[in-house]
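Before any comments, here is the structure.
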Number of protein chains: 2
Amino acid sequence: MRKSPVTITDIAKNLNISPSTVSRALRNHPDISTRTKKRVNSLAEEMDYHPDSIAQSLKQRRTNLIGVIVPEIKHNFFAAAISGIEEIAYKAGYAIIVSQSNESYDRERINVRALISNRVAGLLISISQTTEQSDHFKLLERQEIPFVFFDRVCEDIEASKVVVDDFDGAFKAVEYLINSGYKRIAHIAGPKHLSISQCRLNGYLSALKKHKISYDENLVVYGGLNEEDGVKGFHRLLQLDQLPDALFAVNDPVAIGAFEKIKEHGFKIPEDIALIGFSNNPITRLIEPSLTTVSQPAYEVGKRAAELLIEQIKSGENFIPRKEMLKTELIIRNST
Amino acid sequence: MRKSPVTITDIAKNLNISPSTVSRALRNHPDISTRTKKRVNSLAEEMDYHPDSIAQSLKQRRTNLIGVIVPEIKHNFFAAAISGIEEIAYKAGYAIIVSQSNESYDRERINVRALISNRVAGLLISISQTTEQSDHFKLLERQEIPFVFFDRVCEDIEASKVVVDDFDGAFKAVEYLINSGYKRIAHIAGPKHLSISQCRLNGYLSALKKHKISYDENLVVYGGLNEEDGVKGFHRLLQLDQLPDALFAVNDPVAIGAFEKIKEHGFKIPEDIALIGFSNNPITRLIEPSLTTVSQPAYEVGKRAAELLIEQIKSGENFIPRKEMLKTELIIRNST
DNA sequence: AATGAGACCGCAAACGTTTGCAATTTTATG
DNA sequence: CATAAAATTGCAAACGTTTGCGGTCTCATT
């Protein structure tokens, strides 16, 4: 059995005063004399006293914990977002509990429940690719636990949301392709029910429409969000009678999957086929040719989402959910 | 004020039984009749009851939390490690609290204290570049809180450690350069007091020694662990009368920093100068020329460290710390 | 010397659980 | 039917805090 940590009562006994006094002394309560405060503080230091957050939380019915649920921590975008979240949370005196859904709805559910049990002050959630229901979020609403979606948001739940302007990013990307003279522009899209996929697809369609390019449904293929999906997507495009002359991928990993296959098949980028990704992963700058992409401020998204959540936690029930959209920027490089 | 969550007492009142019975029913205690269990469980479900981990933790004097401290979550290696940690922790019924030191000793200290206050069951730590003291870890020892170092370990503390075989990895890398005929092999090293820097430097030196290549101290420059350090390091090597014909960098970011400068200065890789990194970041495979590097199983390091910690948590005080070394592998690509 | 005001401190209850033990009810046995 | 044994439940204390309220003590003021 581990030696139990020193408590406020230990200090009290040692000084022959009451635990209440110790508590107040440590929190610098005006009722306590300077002398007592000094004695308490120095003994606390000496005895390695650390306040028990657990007991405090129980008493005060609130914790200093913020729960975070992401599909995969490894994913560059989420790692950066978590970084931003931690930064803001730290400054506001919160610690973050991070869990990953591994793109599984079931696991996401379980994570939500676990975090509820841990009595988190609030949650930051980016939903999994397979999440098409929202009962677990309803649960949060019923329990009146503040939560904010970021990046991959759930449209049918009323809650604050922080996203990047996916539509505009996609639009700018495709418009740039059009203006550069490309005619047959393909799109490897993401899972249909994810809002980011939809927005980016819509951006693609709008840009075509604006420039009076007729929409060819064969040029849009659907898949997931990983490299392998880029590989598969490109293979499907290869079946076409006539190859597209440009390719807009739903995100960078997909673009890179396609990128490799394109090169493997001996096509030149951008001469034979131009390529644009989405996210501005660090890697896109370094590949050859460097990849044109849409920058998506992951770190900022995390920070902003955390700020919004903390604001909501502080303001209580009369908080009106907001949706924030961060700007994207087209980073033009050599793949177009 | 938020609606307070439903408690065991709420259920008890509703069913006209005692809280003790509810508690036992929920935990499937044999003393409770099947009928009562059913009634309790269904009502609990209906009322959205979620056990209060805080209260449980207080009572049982242990939490289901594992603290994690890393320099930076964004860093590819750490993101992957955290991913592995979460995976193992999840399976063992733990949640992880993640905090970053931002390479600051002070912040690392604060994080340790915060996690102690949160009464974590154990800690997983990778120390910051600026950490040269170890008083905060002594604190953990005194409080008998289990903790395990991973990757960046603290040598003067007796605790379990999970590292990769940095020495061997570096040795293999440099030996490969030697066997490929390179003569003037430079090394951009990391911070001197970090064990990973030391081990990799020693691997470099040993390989030279084995092959009777005399050690030229001008060929070793020291810096940090980021891209900019690779840039700076290469600039210092540029000052030399005679340029090295090969360069072994302490890690991939540093290698990439150098990589870019090398190309900028119009040198060819590997003709003018060969380059080897360390970590096998995903990016290294995709740059042109692809980077020879030493693979370092980040995900595995995280998993193994978590496993070790959980074992230690379970076995109590009579646990003997172990140091585990995971194998590295030389990934030969086109930069050599 | 009596009174009142401050300054300082302690009592006890509460937060939501768990758990040893005792109390009660049910069932089995003679 | 009586009794013992077994099955089921409740009581109360405890985990480490915080906090409203009341208590004691010291002093200055009449």
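Each chain gets a letter, A, B and so on, in the order the sequences are listed, and its residues count up from 1.
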Between [X] and [N], is there a contact of a side-chain N or O with OP1 or OP2 at under 4.0 Å?
| X | N | result |
| --- | --- | --- |
| A:Arg119 | C:dG16 | no |
| A:Ser18 | C:dG10 | yes |
| B:Ser23 | C:dT18 | yes |
| B:Thr21 | D:dT9 | no |
| A:Gln56 | D:dT18 | yes |

(message) At less than 3.5 Å, do the side-chain atoms of A:Asp31 and the base atoms of C:dC8 form a donor-acceptor pair?
(response) no
(request) Check if the side chain of B:Lys59 and the base of C:dT18 share a donor-acceptor pair of N or O atoms closer than 3.5 Å. (result) yes
Looking for any heavy atom pair under 4.0 Å, which part of the strands does [X] touch: base, sugar-phosphate only, or nothing?
| X | answer |
| --- | --- |
| B:Ile17 | sugar-phosphate |
| B:Thr36 | sugar-phosphate |
| B:Leu58 | base |
| B:Ser20 | base |
| B:Asp52 | sugar-phosphate |

(request) Return the orientation label for the A:Phe150 and A:Phe78 ring planes: parallel under 30°, perpendicular over 60°, tilted otherwise. (result) perpendicular
(message) Over 60° means perpendicular and under 30° means parallel, so tell me whether A:Phe147 and A:Phe137 are parallel, tilted or perpendicular.
(response) parallel
Whole-Å distance separating the [atom1] atom of [X] from the [atom2] atom of [N]:
| X | N | atom1 | atom2 | result |
| --- | --- | --- | --- | --- |
| A:His29 | C:dC8 | NE2 | C1' | 11 Å |
| B:Arg27 | C:dT19 | CZ | C1' | 9 Å |
| B:Leu26 | C:dT17 | CG | P | 9 Å |
| A:Asn16 | C:dC9 | CG | C1' | 13 Å |
| B:Arg24 | D:dC11 | CZ | C1' | 10 Å |
| A:Lys13 | C:dG10 | NZ | P | 14 Å |
| B:Met47 | C:dG16 | CE | P | 13 Å |
| A:Arg61 | D:dT19 | CZ | C1' | 14 Å |

(message) Could you check whether atom CZ of B:Arg142 has more than 12 heavy atoms from other residues, nucleotides or ligands sitting under 6.0 Å from it?
(response) yes
(message) Could you check whether any side-chain N or O of B:Ser160 sits under 3.5 Å from a backbone N or O of B:Lys323, counting only pairs where one atom can act as donor and the other as acceptor?
(response) no
(request) Let me know, please, whether B:Gln60 or B:Ser33 comes out on the 5' side of the other along DNA chain D by nearest nucleotide. (result) B:Ser33
(request) For residues B:Ser195 and B:Glu155, report the shortest heavy-atom separation together with the two atoms involved. (result) CB-OE2, 3.3 Å
(message) Cation-pi check for B:Tyr299 against B:Arg304: NZ or CZ below 6.0 Å from the six-membered ring centre and within 45 degrees of the axis, yes or no?
(response) no
